[in-house]
2 protein chains.
Amino acid sequence: MLSKKTKYGLKALTYLARRKDRSPVQIAEIARHENISQKFLESILLTLRKNGYLGSRKGKGGGYYLIKDPAEIPMTGVMRVLEGPIAMVPCVSLNFYETCDDCPDEATCSVHKLMLQVRDSALEVYRNNSLADII
Amino acid sequence: MLSKKTKYGLKALTYLARRKDRSPVQIAEIARHENISQKFLESILLTLRKNGYLGSRKGKGGGYYLIKDPAEIPMTGVMRVLEGPIAMVPCVSLNFYETCDDCPDEATCSVHKLMLQVRDSALEVYRNNSLADII
DNA sequence: GTAAACTCTAGTAAAAAGATAGGATAATAA
DNA sequence: TTATTATCCTATCTTTTTACTAGAGTTTAC
C-alpha cells in the first residue's frame, strides 16, 4: 500500500508544478485544495525541502515553491524520499541493500528471484516518469 | 515492504514444489528448513489451503501438499492471497477497486496516473512467473 | 484408544502510520 | 521597532497493522 505520506507528497508536488509561476505557495492553500491535514502536510513538505525538491520562504508572502523544472524531476528519487526503498525486500534493494538473516542463499531464493523482477519493473516506471509527465 | 507472511508463504510453496513427490509434508519440517516460526507458518498454510493452493491431511503421516502442477500456478493469485491487492492504491485495483474519498477526479489525479503504470508493470511480472519459474 | 498432526479462535506485543500540539525562528510590513 | 505572518522543529498521541503465541478441538493411522 502507498502511504498517505507519499500520496500527499505527490499531490503537493503536482499542485506546485501545475502553477505557471514559481512564487511561494502557503501550506494552507495546498492543504485546502488537496484535502490534506495541514499539520501532516507541513512535515511532508519539510522533508521534500530537506531533500532538495522544494525551496521555502518564511514570513508574510512566504511558502513553498519548486526548485527545479518538473521535467527534470524523475519519480525515482521522489518515491525513495517519500516511500522509502523501491524494492519490496532489502536483499534486492539498490540503495538500501541488506542480507536476509533468515535466508541461507540469495542465489537459490525464490523470493529474491521474483522480487528482483518486480523491483526492475517498478524502477523502469519511475525512471520513465518525471513530475511533468504525471501532471 | 513485502510482509513476512507473504515471504514465508512463498518459501513454503517453493519448498513443496521442489520435492519430487507430492506426499504430505509436515508443517514442522517446512518451518525448520525455512527458518520460520511454526505457529505462524501454520496460519499461513491454512489460508493457502482455503484458497485452493494446498491440500492437507490430518493425523499421523499427515501434512500439506501441492494440489496443482507448479507450472500451472501463476504468482498473480498467490500474491493476492498472501499480500493482498497488487495495486498500491485502491483506485487502480482490478480486484479490490475503491474510489478515493479525498480525490475529486481520477482522470486528472497524478497519483492515479503513476500508480496505474506501476500496477501494470507488477502485474506483468506476476503473470509471467509461475511457481515453477521461481524455483 | 492413543499419539500424531492439522484446525480454529482468540489474544497480545511491538512497530509503523497518521495525525496533532505548541512553541521557536525568521521574514515582512507598518 | 513592533506586530504579524508563516515556516521550523520536537515531542507526543492514537490507531492500525504486523508478527507471533496459546491452547483447546478434530481427524487419522496404527
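Order of the sequence lines fixes the chain letters, A, B, ..., with proteins taken first and strands second; residue numbering starts at 1 for each chain. Since the structure is predicted, the reported quantities are computational estimates derived from the model, not experimental observations.
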Quiz prompt | Cys100(B) side chain reached by Cys91(B) side chain, heavy atoms, under 4.5 Å | solution = yes

Quiz item: Among Asp133(A), Asn129(A), Thr14(A), which residue meets the side-chain hydrogen bond (donor to acceptor under 3.5 Å, both in side chains) test with Ser110(B)?
Solution: Thr14(A)

Quiz prompt | OH on Tyr8(A) to CG on Asn35(A), rounded to 0.5 Å | solution = 8.5 Å

Quiz item: Considering only heavy atoms from C-beta outward, does the side chain of Glu42(B) approach that of Lys39(B) to under 4.5 Å?
Solution: yes

Quiz prompt | Ser3(A) or Lys60(A), whichever maps to the more 5' nucleotide of DNA chain C | solution = Ser3(A)

Quiz item: So what does Lys50(A) touch, heavy atoms closer than 4.0 Å: a base, only the sugar-phosphate, or nothing?
Solution: sugar-phosphate

Quiz item: Mapping Ser56(A) and Lys4(B) onto DNA chain D by nearest heavy atom, which one lands closer to the 5' end?
Solution: Ser56(A)

Quiz item: Is it true that Arg19(A) and Glu29(A) make a salt bridge, defined as a side-chain N closer than 4.0 Å to a carboxylate O?
Solution: yes

Self-check item: Length of the line joining Lys5(A):NZ and dA17(C):C1', which is rounded to integer Å
Solution: 10 Å

Practice problem: May I have all residue pairs that pass ring-ring contact (aromatic ring centres under 6.0 Å, His included) and include part of residues 49-94 of chain B, sequence neighbours excluded? | Solution: none

Exercise. Could you pick out which residue, Gly61(B) or Tyr8(A), lies toward the 5' side of DNA chain C when each is mapped onto its nearest nucleotide?
Key: Gly61(B)

Quiz item: Bend angle of the helix from dG1(C)-dC30(D) to dA30(C)-dT1(D) from five-pair axes at both ends, rounded to 10°?
Solution: 10°

Self-check item: Out of dT7(C), dA26(C), dA19(D), whichever nucleotide has its closest atom nearest the side chain of Lys58(A)
Solution: dA26(C)

Quiz item: Looking at DNA chain D, which of residues 23-42 of chain A put a heavy atom within less than 4.0 Å of it?
Solution: Gln26(A), Ile27(A), Lys39(A), Glu42(A)

Self-check item: Atom pair CG (Leu82(A)) and CD1 (Ile44(A)), whose distance is rounded to the nearest 0.5 Å
Solution: 7.5 Å

Exercise. Could you tell me the separation between the CZ atom of Arg57(B) and the C1' atom of dT7(C), rounded to a whole number of Å?
Key: 16 Å

Quiz prompt | Gly59(A) vs Leu45(A), nearer the 5' end of DNA chain D by closest nucleotide | solution = Gly59(A)

Exercise. Could you tell me the separation between the CD atom of Gln38(B) and the CG atom of Leu45(B), rounded to the nearest 0.5 Å?
Key: 10.0 Å

